[in-house]
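To start, the structure itself, in structure tokens.
Note that the structure is predicted; figures quoted are calculated from it, not measured.
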Amino acid sequence: MLMSSTDRPAKLSYGPNGFRVLSPGHFVNCAVTGEPVQLEVLRYWSVDHQEAYATAEIATRRLLGQA
């Protein structure tokens, strides 16, 4: 069965000024909460950890070791 790219998460490479799509999709999952984050609204990620976050608060907690 074929899946469209909207049915699965994208695989991204996170850089300091943006991200590169390695595998197509329309969302990624937040590394802390698991909630889907649409690529159009993705603003928070860690280059070192290569993971995405849903909000600034979640990203801050994760990077401070509190999540």
Side-chain angles (χ1 to χ4, degrees):
M1 179 164 136
L2 295 175
M3 292 177 61
S4 75
S5 61
T6 60
D7 295 339
R8 64 176 185 255
K11 291 185 183 175
L12 306 179
S13 174
Y14 301 99
N17 298 318
F19 55 82
R20 194 168 53 114
V21 178
L22 302 176
S23 178
H26 286 98
F27 69 94
V28 292
N29 291 317
C30 174
V32 175
T33 66
E35 69 183 276
V37 181
Q38 298 297 313
L39 297 187
E40 296 81 24
V41 299
L42 178 61
R43 301 288 181 265
Y44 309 102
W45 60 81
S46 168
V47 175
D48 293 335
H49 295 273
Q50 287 294 297
E51 56 189 24
Y53 311 108
T55 66
E57 179 184 352
I58 292 169
T60 302
R61 284 195 338 243
R62 168 69 170 103
L63 297 176
L64 291 175
Q66 300 171 356

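- The distance from atom OH of Y44 to atom CD of E57, rounded to the nearest 0.5 Å, is 11.0 Å.
- Among all heavy-atom pairs drawn from E35 and A54, the shortest one is CD-CB, 3.7 Å.
- Smallest separation of non-hydrogen atoms from C30 and I58: SG-CG2, 3.9 Å.
- Shown here for V41 and V37, the closest heavy-atom pair between the two residues is CG2-CG1, 4.2 Å.
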Would you sort out whether L12 and V21 count as a side-chain contact (heavy atoms from CB on, under 4.5 Å), showing the intermediate values? CA-CA 5 Å; L12 306 179; V21 178; 3.7 Å; yes
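- By the criterion of side-chain heavy atoms lying less than 4.5 angstrom apart, applied directly or through intervening Ile, Leu, Val, Met, Phe, Trp or Tyr residues, V47 is grouped together with L39 in one hydrophobic cluster.
- Both F19 and V28 are members of a single hydrophobic cluster when ILVMFWY side chains are connected at heavy-atom separations under 4.5 Å.
- Summarising the geometry, atom CD belonging to E51 is positioned 8.5 Å from atom OH belonging to Y14; distances are rounded to the nearest 0.5 Å.
- Taking OG1 of T33 as the reference point, atom CZ of R62 lies at 12.5 Å (rounded to 0.5 Å).
- When atom types are taken as modelled, the side chain of W45 and the backbone of G15 share a donor-acceptor pair closer than 3.5 angstrom.
- In this structure, the side chains of Y53 and L63 come closer than 4.5 Å at one or more pairs of heavy atoms.
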